[in-house]
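A note on names: the letters A, B, ... follow the listed sequences, proteins ahead of strands, and every chain is numbered from 1. The figures that follow rest on heavy atoms only: side chains count, while hydrogens, waters and symmetry mates do not.
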Amino acid sequence: MKRRDTGGSALNRARKLGFSFDGRALTGVEGDTLASSLLANGVRLCGRSFKYHRPRGVMTAGSEEPNALMEVLRDGAWHPNIRATMQELHQGLNARAQNCWPSVQCDVMAVNDLLSPFLGAGFYYKTFMWPRAFWEGLYEPLIRRAAGLGRLPQSHQGAPHEKAFAFCDLLVIGSGPAGLMAALVAAKAGADVILCEEDRQMGGRILSDMAQIDGGAGADWAAGVLAELESLPNVRLMPRTSVFGAYDGGVYGALERVSLHMTAPGRTPRECYWRITAKRTILATGALERPIAHPDNDRPGTMLLGAIASYWHRFAVDPGRVVVFGNNDHALAKARALAADGMDIRAYIDPREVSADTPFKTYQGEVIGTRGRHGLHSVTLRHQGREIRLDADTLALSGGWNPSLHLACHMNGRPVWDEGIAAFVPRDAMVPGLQVVGAAAGIFSTHGALDSGARAAMQALDALGMHATPPDLPQSEDTPYAITPLWQVQARGRAWLDFANDVTTKDVAQAAREGFVSVEHMKRYTTQGMAPDQGKSSNMGALAVLADATGGSIPGTGTTTFRPPFVPVSIAALGAGGYGPSFAPQRFTTSDAQTRKMGAPMIEAGLWYRPSHFPRAGDRDWRCACNRETLHVRHAVGVCDVSTLGKIDVQGPDAARFLDFVYTNTMSSLKPGRVRYGLMLREDGHVMDDGTCARLSGQHFLITTTTAAAGEVMRHLDFVQQAYCADWAVRLISVTEAWAQCTIAGPLADELLGHLLGDLPDLPFMGCAPVTVGGVDARLFRISFSGERGYELAVPARYGADLYRHLVALAEGLGGGAYGMEALNVLRIEKGFVTHAEIDGRVTAFDLGLQGMLSQKKDFIGRAASQRPRLTGPTRLQLVGLRAVDPQSEITAGAHLYPGDKPAKAAYGQGHVTSVCYSPTLDSWLGLALVENGRARHGETLRLDDGLRGIRADVEICNPVFFDPEGGRMRD
Amino acid sequence: MRLPCPCCGWRDLREFTYKGAADALHRPAPDDASGWDDHLHNRTNPAGETRDLWYHDPCGTWVCVTRDTVTHAVISGVPLEGAR
Ligand SMILES: [Zn+2]
């Protein structure tokens with residue numbers, strides 16, 4: 001193999017590129033792929049096979065490559081399984097063979113090849129079964145090391161990747177003659193067209209064969225069409241883009257290699273994961289050539305004939321002395337054309353009778369072996385009962401063509417067998433809106449491709465309601481295609497089917513003998529088609545060999561299931577933009593910056609970030625801060641941003657009626673200027689959420705939800721309104737982000753507000769009123785989640801940061817300060833207030849002791865179900881308080897509770913702990929729990945057992961309201 | 001997968017929240033115990049055309065979607081008012 005002196009349509013010879021393979025400095029030129037530059041440098045051996053560590057070389061010129069998988073150094077890490085045929089060469093590219101040690105020439109694991117009689121189909125299953133305990137510790141790591149296909153980089157900090165969305169009238173996949181024709185017809189009619197091509201250059205097979213179109217070179221015609229497409233504003237050309245999956249609703253997944261061909265891509269994304277939504281799609285992905293299973297068909301130098309032509313025309317790679325082994329008319333025609341173009345073709349071998357009118361010798365017969373340690377030296381063939389050995393550098397195989405119909409089968413459609421071309425072809429309408437054209441549909445002539453592309457475009461336009469006149473097709477060949485299938489050469493020696501996973505014809509026959517006669521079972525037993533190439537060039541052959549071994553027909557044996565992705569897709573691309581801080585949206589309160597400035601560690605509450613606590617110098621740990629903040633509220637005044645609570649504005653003449661329907665209790669009787677605690681159920685009778693409902697005026701309410709359930713409650717209320725009371729005069733809208741709201745809680749709350757507002761309105765407990773803060777209209781609510789005298793003050797969100805800073809400063813001046821989530825939690829547990837730790841979706845109003853809030857006078861959501869017998873009564877887990885018998889003995893949330901004399905087994909479980917805290921107010925560990933028949937068991941002692949954290953403690957069941965059970969502190 | 005919102009047109013699945021079968025649109029009478037059991041728990045799970053409820057989060061519209069569980073075809077999407 002070497003570079004020809006002339007030719008190479010893909011190359012820009014003026015620009016030399018230095019690169020390295022296995023530590024060797026080599027030179028290629030701009031336009032090369034890694035594979036073409038290796039071949040041009042005479043490098044045939046470029047990897048070791050998966051199981052037997054056989055020497056392997058480049059076999060194909062496309063994404064179906066099974067052999068030339070390499071590691072490439074990118075962004076400081078070695079990336080495995082890079083197909084050399086798809087990696088464009090760039091200055092400084094650093095690649096190395098994988099799956100070999102110490103080097104690709106001298107690989108110690110090649111000993112596996114000598115052991116091959118013991119490593120056949122099902123070898124893992126038979127050998128490593130016993131003893132069972134050895135599997136995880138010994139066998140699996142051993143096998144992985146010996147048989148891996150490269151190793152993944154260990155860093156999580158990948159290079160940039162991107163995700164994008166596109167929409168079009170017509171998506172054309174593949175830019176060969178059929179795809180180009182389809183895109184041109186549709187684009188000229190005004191349709192929005194996206195044309196995707198896997199290769200760097202558009203043109204498909206036109207770039208690699210000598211097809212004549214309109215009396216000139218096919219490549220010239222393609223260039224003209226592409227220039228025209230490029231000039232149209234309604235066309236998007238997407239080279240380097242592999243469409244890898246077809247999904248519901250005309251959605252296609254595609255992977256664009258954006259900067260993998262650049263030496264220093266910097267922040268340019270390496271790949272982009274596209275989701276393309278197309279009204280119609282034309283699949284013009286061409287066909288993949290099949291190798292032939294003959295003994296030693298895996299030696300470096302053995303390649304597909306079409307690939308050799310591609311390397312010859314596009315990359316000016318001279319394959320040296322070539323022997324061609326084919327079984328179809330295309331192969332012979334191609335050999336003739338290549339010979340006429342100057343390729344040194346020594347012989348053409350075909351099991352069919354071949355006319356002798358060729359510039360090279362022809363043999364009717366088969367190849368039965370090859371020789372050459374690290375690459376092909378000679379080919380042995382069988383001709384008229386004799387064995388003939390021919391010296392050769394390259395053996396070109398052409399066992400026929402398989403239409404690339406994978407995408408058409410992604411929605412579980414099964415292709416049909418076409419005897420004429422000895423291949424599977426797609427049926428109509430396997431994917432809604434998708435038509436298959438050209439070679440992908442089994443139409444192999446250039447004319448057939450152009451014609452089917454144009455017709456499909458006309459049909460697509462018709463379906464889109466667009467009109468066009470049928471185009472005049474350019475002139476091109478329309479030669480018929482004839483093939484006599486040759487699935488395996490009957491001769492001594494191992495003949496490879498799946499090169500990537502080292503599956504031979506013998507393995508498939510053995511699988512059949514052992515009873516794995518279904519194609520899906522054979523696949524899994526032999527691992528046929530399960531390597532990165534997914535058996536693109538080998539599944540068909542394996543299926544035929546299986547049919548032969550079982551005496552069945554090929555269509556009767558059937559194909560395995562085609563699943564996305566068509567080509568390997570990196571997780572980095574699929575997950576682009578979805579890790580680290582962008583894993584989920586982040587929501588920040590208006591006090592966020594100030595809170596962080598005060599040094600508070602932030603914790604996540606749903607998508608929100610809230611301060612955990614506010615450390616001060618001398619704090620031993622977070623609990624010191626938490627205790628201090630709790631006591632500030634109990635003894636002075638604390639300030640906390642509670643803007644994350646859901647706020648829903650409900651207005652209209654029927655607003656009160658609507659709220660009566662969604663809350664268990666009655667809101668229509670609420671007076672303007674008053675607030676009521678409310679409970680909402682799901683229709684199945686369980687508690688959905690709790691919160692407050694303020695009547696701002698006669699027809700205007702503002703309700704709050706918990707932070708966790710804000711979205712769910714909004715959806716629920718919208719549902720109830722739209723499903724059951726669409727004709728009521730009521731409208732609701734989320735105003736969560738419109739208002740910043742702060743709690744001011746503690747015995748000095750009035751004093752603080754007096755400083756802020758000057759004149760504090762005389763609000764009763766559960767009252768609300770409009771106020772003015774520094775000239776800004778605000779709302780003041782006298783409500784309390786801490787058990788202290790407390791207020792919540794709401795201002796339009798744009799004033800939130802100022803309000804918070806001001807309130808904290810005032811609180812600090814009164815001996816209090818800001819408090820965080822930890823203190824907020826302690827304060828509410830001391831008071832027995834529930835959150836979604838208790839309202840876990842399984843509790844009823846009865847369980848929480850709130851059955852009194854279920855109105856008997858009206859219907860409401862969840863009412864019917866809440867009355868069902870098993871949702872109330874002594875078998876229910878009921879809310880209780882827990883006090884550690886030794887007050888300093890830690891208890892934990894999530895722990896289970898058992899009778900003291902019983903083991904920690906599910907059968908004895910009495911319930912579980914939902915929330916705990918250390919109460920600085922009461923100097924004790926406290927908890928809330930759900931305990932079977934708990935309200936009747938106050939005073940009883942249970943054993944708490946947290947097996948996970950190894951914590952055990954005796955706890956006493958008590959009233960969940962530990963502090964100020966009469967509520968005087970917040971009410972009076 | 002894409003769904004039709006009566007307010008916004010065809011939109012990506014990820015903009016929607018699923019609720020369940022359109023049975024939820026027909027609330028039984030308060031004292032119809034067996035009706036409530038059906039309403040809450042029993043579903044037909046058809047192979048073929050089915051109607052279910054989706055919330056289009058960006059605009060707050062509930063949509064009754066008719067689709068086919070066999071072919072995955074999405075046939076229509078209407079507001080709840082027209083779906084009962
Ligand atoms: Zn919408």
Problem - Which portion of L13(B) sits near chain A, non-hydrogen atoms under 4.5 angstrom - result: neither
Practice task
Using non-hydrogen atoms and a 4.5 Å limit, figure out which bit of S734(A) sits close to chain B: side chain, backbone, both or neither.
Solution key: neither
Problem - Proximal component of F167(A), with respect to chain B [non-hydrogen, under 4.5 Å] - result: side chain
Problem - Interatomic spacing from CG in L25(B) to CZ in F719(A) - rounded to 0.5 Å - result: 5.0 Å
Completion exercise
So, the part of L717(A) with a heavy atom under 4.5 Å from chain B: the answer is neither
Handout entry: Smallest separation among heavy atoms of A864(A) and P30(B), with atom names
Key = CB-O, 3.8 Å
Exercise for the section: Heavy atoms only, distances under 4.5 angstrom: which of M411(A), Q867(A), R863(A), R275(A) has the most pairs with chain B? Name it, please. Expected result: R275(A)
Exercise for the section: Determine the option with the most heavy-atom pairs under 4.5 angstrom with chain A, choosing from R27(B), R2(B), M1(B), H26(B). Expected result: R27(B)
Practice task
Flag yes if more than 12 heavy atoms outside I571(A) fall under 6.0 Å of its CD1 atom; otherwise flag no.
Solution key: no
Exercise for the section: Using a 4.5 Å cut-off on heavy atoms from C-beta on, say whether the side chain of E81(B) contacts that of D727(A). Expected result: no
Problem - Trace of the salt bridge (Lys or Arg N to Asp or Glu O under 4.0 Å) decision for R67(B) with D248(A) - result: CA-CA 12 Å; R67(B) 61 189 181 91; D248(A) 288 329; over 6 Å; no
Problem - Heavy-atom contact with chain B under 4.5 Å, split by part of F165(A) - result: side chain
Practice task
Please report the closest heavy-atom contact between G60(B) and D718(A), naming both atoms and the distance.
Solution key: O-OD2, 3.6 Å
Exercise for the section: Can you tell which part of W62(B) gets under 4.5 Å to a heavy atom of chain A, answering side chain, backbone, both or neither? Expected result: both
Practice task
Please test L40(B) against E683(A) for side-chain contact (heavy atoms from CB on, under 4.5 Å), starting from the C-alpha separation and ending with a verdict.
Solution key: CA-CA 8 Å; L40(B) 291 172; E683(A) 196 72 283; 4.1 Å; yes
Exercise for the section: Against chain B, label D859(A) side chain, backbone, both or neither, depending on which of its atoms sit under 4.5 Å from a heavy atom there. Expected result: side chain
Exercise for the section: Please flag which part of A24(B) lies under 4.5 Å from any non-hydrogen atom of chain A: side chain, backbone, both or neither. Expected result: both
Practice task
May I ask you to say whether R715(A) pairs ionically with D57(B), meaning some side-chain N is under 4.0 Å from a carboxylate O?
Solution key: yes
Handout entry: chain B contacts, top residue of A726(A), A865(A), G249(A), A723(A) (heavy-atom pairs, under 4.5 Å)
Key = A723(A)
Handout entry: Pair R868(A)-D37(B), salt bridge (Lys or Arg N to Asp or Glu O under 4.0 Å): steps then yes or no
Key = CA-CA 10 Å; R868(A) 291 189 303 173; D37(B) 286 346; 3.2 Å; yes
Handout entry: Between CG on residue N412(A) and NE2 on residue H72(B), distance to nearest 0.5 Å
Key = 9.5 Å
Practice task
Answer yes or no: is there a side-chain heavy-atom contact under 4.5 Å between M714(A) and Y55(B)?
Solution key: yes
Handout entry: Atom pair CD/OG1 of E712(A) and T17(B) - distance to nearest 0.5 Å
Key = 10.5 Å
Completion exercise
When rounded to the nearest 0.5 Å, the distance separating CG of D12(B) from OG1 of T277(A) is 7.0 Å
Practice task
Step through the shown structure and confirm whether more than 12 heavy atoms of other residues, nucleotides or ligands are within 6.0 Å of CZ on R563(A).
Solution key: no
